[in-house]
Engineer: 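Below is the structure I would like to discuss, written out as structure tokens.
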Amino acid sequence: MLDIQMLRNDLDAVVAKLATRKFVFDTDRFTALEQERKTVQTLNEEMKSKRNTYSKEIGVLLGQIARLSASEEFDQADFNKNQAEKLKLEVSEINAKIAYSEARLEEIERERKTLLLNVPNLPHDSVPAGKSEADNVEVRRIGTPRTFDFEIKDHTDVGAPLGLDFDTGAKLSGARFTLMKGPVARLHRALAQFMLDTQTEKHGYTECYTPYIVNDMSLLGTGQLPKFEQDLFQVSFGGTQTKAAGYDIYLKGSEDNPEDHKVAERNWYLIPTSEVTLTNTVRDEIVPLESLPIKLTAHTPCFRSEAGSYGKDTKGMIRQHQFDKVEMVQIVHPDKSYEALEEMVGHAEHILQALELPYRVVSLCTGDMGFGAAKTYDLEVWLPAQNTYREISSVSNCEAFQARRLQARFRNEQGKTELLHTLNGSGLAVGRTLVAILENHQQADGSVTIPAALRPYMGGLERISAAG
RNA sequence: GGAAGCGUGGCCGAGUGGUUGAAGGCAACAGUCUUGAAAACUGUCAAGGGUUUACGCCCUUCGUGAGUUCGAAUCUCACCGCUUCCGCCA
């Protein structure tokens with residue numbers, strides 16, 4: 001979410017920046033809302049102030065009556081009583097007006113919030129301008145793609161004899177699910193373990209185990225909601241959760257409007273990334289300055305509906321409904337976030353280097369960045385069978401965009417609360433790393449060489465093959 | 001699934017209808033004292049929003065939402081969360 005003050009004070013500049021991201025900000029609506037809000041809110045608060053003053057006066061008047069009666073000042077006591085009654089009437093009238101202005105104010109607030117929640121972050125000045133993927137800027141290229149003296153296979157063909165089984169995955173669940181069995185399953189596990197160990201032992205992240213199901217507030221905090229609900233899997237309750245309360249009301253024969261007693265619905269979703277859980281650990285928190293930076297990592301499955309990507313990467317395990325990822329999250333002082341961004345890219349790169357995979361680092365252009373990011377680097381790994389680089393990690397600085405939604409703050413040097421900056425990045429996507437290993441390290445005989453760094457996680461194996 | 005209890009500021013904890021945004025304590029910050037530190041003493045110390053050139057003033061917030069009332073942390077209802085016991089379960 002953007003800073004509302006910034007929108008008020010510098011609307012034109014904000015709108016121009018948003019335009020570079022292909023976002024059209026509804027300036028007229030915003031301005032109209034702001035204008036009406038100001039009028040209604042001022043009026044509303046004036047009336048409330050009046051109500052509070054009168055109510056206090058009533059309290060004082062009534063409080064005096066006992067004392068006045070005791071000292072037999074009955075006239076004064078009666079006067080107080082009448083005065084109080086008069087004030088009560090007046091407050092009742094004010095209350096009727098408040099009810100009206102309050103309702104209108106709520107409408108305005110709701111619309112403004114919705115408007116604001118759907119506006120993406122502003123790109124950092126260093127982000128290249130551009131419309132699409134094609135305008136991303138390559139920052140560096142590391143490692144040289146291997147030349148093969150045999151006909152190479154893609155990961156599905158390399159993987160099949162090693163236990164990569166899409167047919168069974170489809171039988172169990174449907175398209176975009178995979179069953180792994182035997183050597184490939186072990187390799188997959190080894191990769192995740194290696195990544196997690198590296199991020200904790202070498203790069204100072206704290207290992208976390210997090211829920212895979214989160215509530216809607218968490219997704220609102222990191223920006224997946226309300227705009228991208230179609231990308232998520234919603235979790236429905238199996239049982240009688242909502243029936244119970246409705247049944248209760250039925251039994252009680254209550255005259256109450258059932259709407260008033262509507263059961264709070266549990267809005268649960270599967271996490272699309274553990275960025276959600278790790279970042280939301282600081283939601284509604286004021287963290288002490290000394291605890292910064294907070295560096296968290298977790299290995300979790302990620303669930304994505306992939307709505308809107310029909311026909312894209314349908315073959316193989318590049319794009320799945322369920323995939324594993326080791327995620328890095330940093331929660332930092334605002335002055336340190338760009339330093340942290342570069343550092344995190346390095347942490348992800350370290351994995352690729354250790355696994356002897358050629359890759360390049362790309363700075364995403366304004367038009368290609370994700371909703372919450374102020375700046376994003378993608379790491380793209382070389383896939384020989386596709387003869388191209390494919391995204392395997394994405395590292396973003398969200399600045400205060402998520403923190404503002406999360407109300408995630410720290411106490412600064414002056415003791416004032418201030419919004420944190422949040423960053424997240426994959427370190428790495430496990431499934432796609434598996435793909436890269438299979439394709440880059442395949443051998444003519446159908447076996448796959450295990451990179452030296454990974455061997456301790458594979459019981460010392462130097463290669464895996466169908467033979468075992 | 002059944003039963004009981006609890007939810008107050010950064011933390012602990014008082015508060016059961018009227019200047020209570022909330023006693024007291026801890027923590028934090030500033031000052032006095034001290035060679036320095038500690039202790040002691042003194043003072044400051046919630047967040048969000050609105051408005052104002054500014055000092056300031058105002059509104060909201062005691063888990064959440066609704067209700068009763070002139071007035072709610074305090075009374076009523078629903079929901080959420082936590083704790084304990086029983087049942088079930090990995």
Side-chain angles (χ1 to χ4, degrees), chain A residues 1 3-5 7-9 33-67 80-99 101-103 105-106 108-110 112-113 116 209 211 214-218 220 237-268 282-291 403-419:
Chain A
M1 197 157 53
D3 183 1
I4 183 88
Q5 298 298 353
L7 281 164
R8 284 178 189 146
N9 299 333
L33 274 175
E34 268 297 281
Q35 232 162 38
E36 195 187 351
R37 192 219 89 235
K38 197 166 172 169
T39 321
V40 177
Q41 182 170 349
T42 308
L43 182 75
N44 195 41
E45 290 187 356
E46 270 170 17
M47 292 192 295
K48 280 185 172 176
S49 172
K50 214 178 206 177
R51 174 181 69 185
N52 291 346
T53 314
Y54 285 178
S55 287
K56 271 180 193 165
E57 272 176 42
I58 293 169
V60 173
L61 287 168
L62 294 181
Q64 285 170 350
I65 287 178
R67 205 198 56 225
N80 274 17
K81 222 176 271 176
N82 289 336
Q83 199 62 19
E85 286 308 317
K86 234 194 253 174
L87 283 173
K88 278 189 194 183
L89 262 171
E90 223 163 312
V91 175
S92 290
E93 277 167 35
I94 294 172
N95 272 337
K97 287 185 200 158
I98 290 178
S101 63
E102 188 104 320
L105 192 62
E106 266 174 41
I108 296 168
E109 286 289 341
R110 195 173 309 131
R112 186 179 73 174
K113 263 187 199 159
L116 234 52
Y209 172 85
V214 290
N215 58 36
D216 51 358
M217 286 312 288
S218 295
L220 190 92
F237 248 73
T240 53
Q241 186 68 19
T242 48
K243 233 163 91 189
Y247 189 54
D248 241 2
I249 292 165
Y250 171 73
L251 283 182
K252 263 171 57 186
S254 164
E255 297 172 0
D256 294 351
N257 181 357
E259 278 301 302
D260 298 342
H261 292 271
K262 210 167 149 193
V263 176
E265 277 171 39
R266 263 181 232 243
N267 284 321
W268 277 358
V282 291
R283 170 149 56 88
D284 294 323
E285 298 286 334
I286 301 172
V287 302
L289 191 60
E290 316 83 74
S291 64
R404 191 169 292 111
R405 291 166 165 249
L406 293 159
Q407 281 304 301
R409 294 162 294 173
F410 69 103
R411 225 169 262 289
N412 66 17
E413 292 79 352
Q414 289 78 43
K416 281 281 169 198
T417 55
E418 198 179 328
L419 292 170

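Side chains included, hydrogens not; waters and symmetry mates left out as well; all remaining heavy atoms used. Here is how names work: the chains are called A, B, and so on, in the same order as the sequence lines, proteins then strands, and each is numbered from 1.
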Engineer: If each of A:Ile4 and A:Ser49 is mapped to the nucleotide of RNA chain B with the nearest heavy atom, which maps nearer the 5' terminus, i.e. the 5' end?
Structural biologist: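 Its nearest nucleotide lies further toward 5', so the answer is A:Ile4.
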Engineer: Is a donor on one side and an acceptor on the other found under 3.5 Å between the side chain of A:Asn80 and the backbone of A:Gln83?
Structural biologist: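 A pair under 3.5 Å: no.
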Engineer: Does B:G48 have OP1 or OP2 sitting under 4.0 Å from an N or O in the side chain of A:Arg404?
Structural biologist: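 No, because none of the side-chain N or O atoms of A:Arg404 sits under 4.0 Å from OP1 or OP2 of B:G48.
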Engineer: Atom CE of A:Met1 to atom C1' of B:G49: distance rounded to whole Å?
Structural biologist: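 Spelled out: CE on A:Met1 to C1' on B:G49 is 13 Å.
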Engineer: To the nearest Å, give me how far apart NZ (A:Lys81) and P (B:G18) are.
Structural biologist: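 Result: 19 Å.
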Engineer: Tell me the closest heavy-atom pair linking A:Leu62 and A:Ala84, and the distance in Å.
Structural biologist: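 Scanning both residues completely, I find the closest heavy atoms to be CD2-CB, 3.8 Å.
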Engineer: Figure out the CG/P separation between A:Asp284 and B:G48, and round it to whole Å.
Structural biologist: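 It is 12 Å, rounded to the nearest whole Å.
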Engineer: Could you pull out all residues at least two apart from A:Thr417 that satisfy side-chain contact (heavy atoms from CB on, under 4.5 Å)?
Structural biologist: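 With sequence neighbours excluded, A:Thr417 shows a side-chain contact (heavy atoms from CB on, under 4.5 Å) to A:Ile286, A:Arg409, A:Arg411, given in chain and number order.
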Engineer: Check whether the side chains of A:Asn215 and A:Ser218 place a donor and an acceptor atom closer than 3.5 Å, and report yes or no.
Structural biologist: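 A pair is found: one side chain offers a donor N or O, the other an acceptor, under 3.5 Å apart.
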Engineer: Please state the C1' separation for the pair B:G7 and B:U64 - nearest whole angstrom.
Structural biologist: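 B:G7 and B:U64 have their C1' atoms separated by 11 Å.
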Engineer: Which nucleotide in the list B:G50, B:G48, B:C59 gets nearest to the side chain of A:Arg409?
Structural biologist: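 Nearest nucleotide to the side chain: B:G48.
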Engineer: How many Å lie between CD on A:Glu102 and C1' on B:G49, as a whole number?
Structural biologist: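 Checked: the CD to C1' distance equals 13 Å.
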Engineer: B:A3 pairs with which nucleotide, Watson-Crick or G-U wobble, both distances below 3.5 Å?
Structural biologist: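 Check on B:A3: paired to B:U84, both distances under 3.5 Å.
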Engineer: With side-chain contact (heavy atoms from CB on, under 4.5 Å) as the test, would you mind laying out the steps for A:Thr42 and A:Glu46 before giving the verdict?
Structural biologist: CA-CA 6 Å; A:Thr42 308; A:Glu46 270 170 17; 3.9 Å; yes
Engineer: Can you tell me the Watson-Crick or wobble partner of B:A28, both distances under 3.5 angstrom?
Structural biologist: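 Pairing partner: B:U44.
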Engineer: Among the candidates B:U51, B:G10, B:G48, find the nucleotide nearest to the side-chain atoms of A:Arg37.
Structural biologist: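 Of the options given, the side chain of A:Arg37 lies nearest B:U51.
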Engineer: Considering only the P atoms, how many Å lie between B:G25 and B:A46, rounded to the nearest integer?
Structural biologist: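 16 Å, rounded to whole Å.
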Engineer: Is there a donor-acceptor pair closer than 3.5 Å between any side-chain N or O of A:Asn9 and the backbone N or O of A:Gln5?
Structural biologist: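 Between the backbone of A:Gln5 and the side chain of A:Asn9 there is a qualifying donor-acceptor contact (under 3.5 Å).
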Engineer: Considering only the C1' atoms, how many Å lie between B:G56 and B:A38, rounded to the nearest integer?
Structural biologist: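 The answer is 41 Å between these two C1' atoms.
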Engineer: Look at A:Asn52 and B:G18 and indicate whether a side-chain polar atom (N or O) is within less than 4.0 Å of OP1 or OP2.
Structural biologist: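 It does not, given that no N or O in the side chain of A:Asn52 lies less than 4.0 Å from OP1 or OP2 of B:G18.
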Engineer: Over how many whole Å does the gap from A:Glu34 atom CD to B:U51 atom P extend?
Structural biologist: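 It is 8 Å, rounded to the nearest whole Å.
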Engineer: In the structure shown, which nucleotide is the Watson-Crick or G-U wobble counterpart of B:C57, with both distances under 3.5 Å?
Structural biologist: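 Paired with B:C57, as far as the under-3.5 Å criterion goes, is B:G50.
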Engineer: Working note: A:Ser55 + A:Asn52, criterion side-chain hydrogen bond (donor to acceptor under 3.5 Å, both in side chains); need CA distance, chi angles, decisive distance, verdict.
Structural biologist: CA-CA 5 Å; A:Ser55 287; A:Asn52 291 346; 5.8 Å; no
Engineer: Specify the closest pair of heavy atoms between A:Arg404 and A:Gln407, including all atoms of both residues, with the distance to one decimal.
Structural biologist: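 That would be O-NE2, 3.2 Å.
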Engineer: Considering just the side-chain nitrogens and oxygens of A:Gln5, establish if one lies under 4.0 Å of OP1 or OP2 belonging to B:G50.
Structural biologist: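 Yes, because at least one side-chain N or O of A:Gln5 sits under 4.0 Å from OP1 or OP2 of B:G50.
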Engineer: Suppose you measure atom P in B:A23 against the same atom in B:G71; what distance do you get, rounded to whole Å?
Structural biologist: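 25 Å, rounded to whole Å.
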Engineer: Between B:U51 and B:U42, how many Å separate the two C1' atoms, rounded to a whole number?
Structural biologist: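 To the nearest whole Å, 35 Å.
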Engineer: At 4.0 Å (heavy atoms only), tell me whether A:Glu285 reaches a base, stays on the sugar-phosphate, or touches nothing.
Structural biologist: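 Result for A:Glu285 = nothing.
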Engineer: Listing time: all N or O pairs from protein to nucleotides 70-72 of chain B that are below 3.5 Å?
Structural biologist:
unit_1	atom_1	unit_2	atom_2	d
B:C70	O3'	A:Asn95	ND2	3.3
B:C70	O2'	A:Ser55	OG	3.1
B:G71	OP1	A:Asn95	ND2	3.1
B:G71	O4'	A:Ser55	OG	3.2

Engineer: Could you tell me how far B:U69 sits from B:U16 if I compare only their C1' atoms? Round to whole Å.
Structural biologist: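 After rounding to an integer number of Å, I get 16 Å for this pair.
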Engineer: Pairing check on B:A73: which nucleotide meets the Watson-Crick or G-U wobble criteria with it, both distances under 3.5 Å?
Structural biologist: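 None - no nucleotide pairs with B:A73, as no candidate has both distances under 3.5 Å.
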Engineer: Tell me the interatomic distance from A:Asn44, atom CG, to B:U51, atom P, rounded to whole angstroms.
Structural biologist: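 Interatomic distance, CG of A:Asn44 to P of B:U51: 14 Å.
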Engineer: Could you measure between the two P atoms, the one in B:A40 and the one in B:C57, and give it in whole Å?
Structural biologist: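 About 35 Å, rounded to a whole number of Å.
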Engineer: Which nucleotide in the set B:A47, B:G50, B:C59 lies at the smallest distance from any side-chain heavy atom of A:Lys48?
Structural biologist: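 The answer is B:C59, which lies nearest to the side chain.
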Engineer: Taking CD1 from A:Ile286 and P from B:A28, how many angstroms apart are they, rounded to a whole number?
Structural biologist: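 Nearest whole value for this atom pair: 17 Å.
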Engineer: Do A:Lys48 and A:Glu45 meet the salt-bridge criterion of a basic N to acidic O distance under 4.0 Å?
Structural biologist: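 Salt bridge: no.
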Engineer: For atom P, what is the distance between B:C85 and B:U76, given to the nearest Å?
Structural biologist: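 Per the computed distance, 28 Å lies between those P atoms.
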Engineer: Write down the distance between CD1 (A:Ile98) and P (B:C59), rounded to a whole number of angstrom.
Structural biologist: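 Distance check: A:Ile98 CD1 to B:C59 P gives 10 Å.
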Engineer: Using a cut-off of strictly less than 4.0 Å, decide whether A:Thr53 has a side-chain nitrogen or oxygen near OP1 or OP2 of B:U19.
Structural biologist: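 Indeed not, no polar side-chain atom of A:Thr53 lies that close.
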